Student: 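Take this structure first; my questions come after.
All figures in this text were calculated on a predicted structure; none of them were measured in a lab. The first residue of the sequence shown is numbered 1, and numbering continues consecutively from there.
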Amino acid sequence: MLEAHVAFEVEAWTTSLTDTLSAQLATVFEWLDGVSLGSVFSEGDLDVLLETLLAPDVTTTVLAAHAAACEDGTPLGELVRREDFDRLVTTVAGMNDVQGAILDQITTSEVYADLISHVLFQGIRNYVITESPIARVPGASSLMRMGQNAFDTAAPKLSKGIEKQLTSFVSANLQETLRESRQYLESVAEDVDVDAIADDLYTRNADTALNEIAELVPQETLAEIVAIGQDAFAHLLDTPTFRAAAHYVLDANAARPVGEILAEAGVTVELLVAYLRPWVLRAADDGLMEELIRERLTAFYMHYE
């Protein structure tokens with residue numbers, strides 16, 4: 001009887017594997033349609049999961065994908081559909097609050113302020129040296145064309161005085177200039193034809209081969225980028241912010257049936273059968289399937305001898 005029972009189970013999980021998996025999973029999915037996530041997975045369970053959650057090491061996978069991309073001459077236009085690109089552009093273009101925040105970040109940056117100061121200083125000084133009444137003094141223009149060092153040597157007090165006055169002027173008017181530059185950038189952003197720019201961007205890159213893009217990033221650099229990302233993600237997993245977000249997601253979905261959540265994620269019976277079937281068949285080919293079944297059934301039959 002034991003041997004017949006083992007043979008029956010092995011046949012169910014090999015020859016009739018697709019039917020067996022489909023039937024079993026369909027029953028489970030039907031059950032999950034009536035089970036809420038919160039009734040199975042509590043906040044305490046989430047805390048335990050977060051304590052054991054690690055940042056995955058995807059270096060090998062990413063480098064393999066990069067190597068494949070370096071050998072793939074498929075044009076980008078075949079990988080990114082025009083309609084998807086246009087939808088993304090339209091969505092991003094409508095994010096006015098984000099655009100305003102970006103402009104604020106740019107125009108309030110110390111680097112940007114230093115750049116504006118340098119441009120103002122150089123522009124005004126060049127005007128003073130080449131176009132101002134001082135530059136029209138007989139012989140002054142020729143002297144100034146010899147360079148700033150010659151000018152400093154010939155009239156050090158005048159040069160230092162000009163620079164001091166210019167520096168004071170730029171410093172005094174910098175904030176107003178920054179405000180005006182922000183208004184200018186904002187007006188430029190409003191007048192920009194985003195659709196025309198997007199069309200040009202897509203058109204110029206649609207025929208670019210994937211390997212041309214992939215080869216711009218050396219594997220050593222990509223490996224370092226992945227390592228940095230892994231370290232950053234590992235740190236993020238340990239922050240109160242990430243934990244709070246995870247709890248928020250659980251709370252938002254706690255009352256929803258697990259089956260509904262799986263369907264929303266695209267997880268179906270057919271998908272799981274397709275993924276599990278090769279693994280189960282390999283286990284059967286290696287003898288593991290029969291070993292596990294025999295071990296379980298032998299214990300049963302020995303118990304009721």
Student: Could R243 and E43 be called an ion pair, given the rule that one side-chain N must be under 4.0 Å from one carboxylate O?
Tutor: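 Between E43 and R243 there is no salt bridge, as every charged N stays at least 4.0 Å from the carboxylate O atoms.
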Student: Side-chain contact, heavy-atom cut-off 4.5 Å: D199 with R82?
Tutor: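 SC-SC contact between D199 and R82 confirmed.
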Student: Quick check: is L103 connected to M95 through a chain of hydrophobic side chains (ILVMFWY, heavy atoms under 4.5 Å apart)?
Tutor: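 Same cluster.
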Student: So L50 and F242, do their side chains get closer than 4.5 Å, heavy atoms only?
Tutor: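 In short, these two side chains touch, coming nearer than 4.5 Å.
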Student: How far does CZ of F300 sit from CE of M1, to the nearest 0.5 angstrom?
Tutor: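 Here the interatomic distance stands at 10.0 Å.
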Student: Determine, using the 4.5 Å side-chain heavy-atom cutoff (strictly less than), whether L236 and V58 are members of one ILVMFWY cluster.
Tutor: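 Different clusters.
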Student: Rounded to the nearest 0.5 Å, how far apart are OG of S22 and CG of L272?
Tutor: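 Taking OG in S22 and CG in L272, the distance rounds to 10.0 Å.
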Student: I'd like to know if the side chain of S16 reaches the main chain of D19, judged simply by a donor and an acceptor atom lying under 3.5 Å from each other, with no hydrogens or angles considered.
Tutor: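 Checked: no pair found.
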Student: Salt-bridge test for D84 and R81: reply yes if a basic N is under 4.0 Å from a carboxylate O, no otherwise.
Tutor: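 Salt bridge present between D84 and R81.
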Student: Please test L17 against R277 for side-chain contact (heavy atoms from CB on, under 4.5 Å), starting from the C-alpha separation and ending with a verdict.
Tutor: CA-CA 7 Å; L17 177 59; R277 194 173 187 279; 3.5 Å; yes
Student: Would you be so kind as to tabulate the donor-acceptor pairs closer than 3.5 Å made by side chains of residues 210-221, with sequence neighbours excluded?
Tutor:
| residue | atom | partner | partner atom | Å |
| --- | --- | --- | --- | --- |
| Q219 | NE2 | L63 | O | 3.2 |
| Q219 | NE2 | H66 | ND1 | 3.3 |

Student: Any side-chain to backbone donor/acceptor pair from Y202 onto V80? Under 3.5 Å, distance only.
Tutor: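 Yes; judged by distance alone, with no hydrogens or angles, the pair exists.
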Student: Taking a hydrophobic cluster as the set of Ile, Leu, Val, Met, Phe, Trp and Tyr residues connected by side-chain heavy atoms closer than 4.5 Å, whether directly or through intermediates, do F8 and L2 fall within one such cluster?
Tutor: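 F8 and L2: separate clusters.
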Student: Rounded to the nearest 0.5 Å, how far does CG of L25 lie from OG1 of T268?
Tutor: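 Atom-to-atom, T268:OG1 and L25:CG are 9.5 Å apart.
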Student: Taking T20 for the side chain and A12 for the main chain, is one N or O donor matched with an acceptor at less than 3.5 Å?
Tutor: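 Indeed, once roles are kept as given, a pair shorter than 3.5 Å links the two residues.
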Student: Output yes when R179 and E176 qualify as a salt bridge under the 4.0 Å nitrogen-oxygen rule, no when they do not.
Tutor: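 Looking at R179 and E176, the cut-off is met.
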Student: Enumerate, atom names and distances included, each donor-acceptor pair closer than 3.5 Å involving a side-chain atom of residues 222-232, sequence neighbours excluded.
Tutor:
none

Student: Taking only residues two or more places apart in sequence or in another chain, which ones pass ring pair (Phe, Tyr, Trp, His ring centres under 6.0 Å) with F233?
Tutor: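 Applying ring pair (Phe, Tyr, Trp, His ring centres under 6.0 Å) to F233 gives none.
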Student: Between L32 and L276, is there a shared hydrophobic cluster once you connect ILVMFWY residues whose side-chain heavy atoms come closer than 4.5 Å?
Tutor: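 Linked, L32 and L276 end up in one cluster.
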Student: F41 and L250: which non-hydrogen atoms are nearest, and at how many Å?
Tutor: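 Of all heavy-atom pairs spanning F41 and L250, the closest is O-CD1, 3.8 Å.
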Student: Measure the shortest side-chain to side-chain distance between T107 and S181 over non-hydrogen atoms and say whether it is less than 4.5 angstrom.
Tutor: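 Contact flag for T107/S181 side chains = yes.
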Student: I'd like to know if the side chain of S109 and the backbone of Q105 have a donor-acceptor N/O pair within less than 3.5 Å.
Tutor: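 No; zero donor-acceptor contacts below 3.5 Å.
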Student: Do L201 and F85 have side-chain heavy atoms sitting under 4.5 Å apart?
Tutor: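 In contact.
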Student: I'd like to check S42 versus D45 (side-chain heavy atoms, cut-off strictly below 4.5 Å). Are they in contact?
Tutor: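 Yes, close enough: below the 4.5 Å cut-off.
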Student: Does a salt bridge link R294 with E3, judged by any charged N lying under 4.0 Å from a carboxylate O?
Tutor: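 Yes.
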Student: Under the side-chain contact (heavy atoms from CB on, under 4.5 Å) criterion, do T108 and R182 qualify, and how do the steps go?
Tutor: CA-CA 9 Å; T108 57; R182 190 204 186 284; over 6 Å; no
Student: As a quick check of understanding, evaluate side-chain contact (heavy atoms from CB on, under 4.5 Å) for S36 and V258, giving each step before the final call.
Tutor: CA-CA 6 Å; S36 66; V258 176; over 6 Å; no
Student: For E83, I'd like to know if atom CD has over 12 heavy atoms of other residues, nucleotides or ligands within 6.0 Å.
Tutor: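 More than 12 within 6.0 Å, yes.
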Student: For L288, does its backbone N or O pair with a side-chain atom of D286 as donor and acceptor, under 3.5 Å?
Tutor: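 Pair absent, no side-chain N/O of D286 close to backbone of L288.
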Student: Do D47 and H247 come close enough that some side-chain heavy atom pair is under 4.5 Å?
Tutor: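 Of all side-chain heavy-atom pairs linking H247 with D47, at least one is under 4.5 Å.
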Student: Is it the case that the side chain of T52 and the backbone of L49 share a donor-acceptor pair, with hydrogens and angles ignored and the cut-off at 3.5 Å?
Tutor: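 Such a contact is found between T52 side chain and L49 backbone.
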Student: Answer yes or no: does atom CG of D97 have more than 12 heavy-atom neighbours from other residues, nucleotides or ligands under 6.0 Å?
Tutor: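 Counting neighbours around CG of D97, 12 or fewer heavy atoms of other residues, nucleotides or ligands fall under 6.0 Å, so no.
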Student: With a 4.5 Å limit on heavy-atom distance, are the side chains of W13 and L281 in contact?
Tutor: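 They are not in contact (no side-chain heavy atoms under 4.5 Å apart), so the answer is no.
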Student: Check R256 with E264, please: is the shortest side-chain N to carboxylate O separation under 4.0 Å?
Tutor: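 Looking at R256 together with E264, the answer is yes, because their closest N to O distance falls below 4.0 Å.
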Student: Between the main-chain N or O of D200 and the side-chain N or O of T203, is there a donor-acceptor pair closer than 3.5 Å?
Tutor: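 The answer is no, because no donor-acceptor pair under 3.5 Å joins these two groups.
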Student: Show your reasoning for whether side-chain contact (heavy atoms from CB on, under 4.5 Å) applies to Y301 and H5.
Tutor: CA-CA 10 Å; Y301 282 96; H5 198 168; 2.9 Å; yes
Student: Can you tell me how far the CD atom of E260 sits from the CG atom of N253, to the nearest 0.5 Å?
Tutor: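 Answer for the CD-CG pair, E260 versus N253, is 8.5 Å.
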Student: Quick one: closest heavy-atom pair of D33 and G259, and the distance?
Tutor: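 Looking at all heavy atoms of both residues, the closest pair is OD1-CA, 3.5 Å.
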Student: Between OG1 of T60 and CG of D57, what distance do you get to the nearest 0.5 Å?
Tutor: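 Going from OG1 on T60 over to CG on D57, the span is 6.5 Å.
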Student: Membership question, hydrophobic clusters at under 4.5 Å side-chain separation (ILVMFWY): are I261 and V249 in the same one?
Tutor: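 As far as the 4.5 Å side-chain criterion goes, I261 and V249 are not connected within one cluster.
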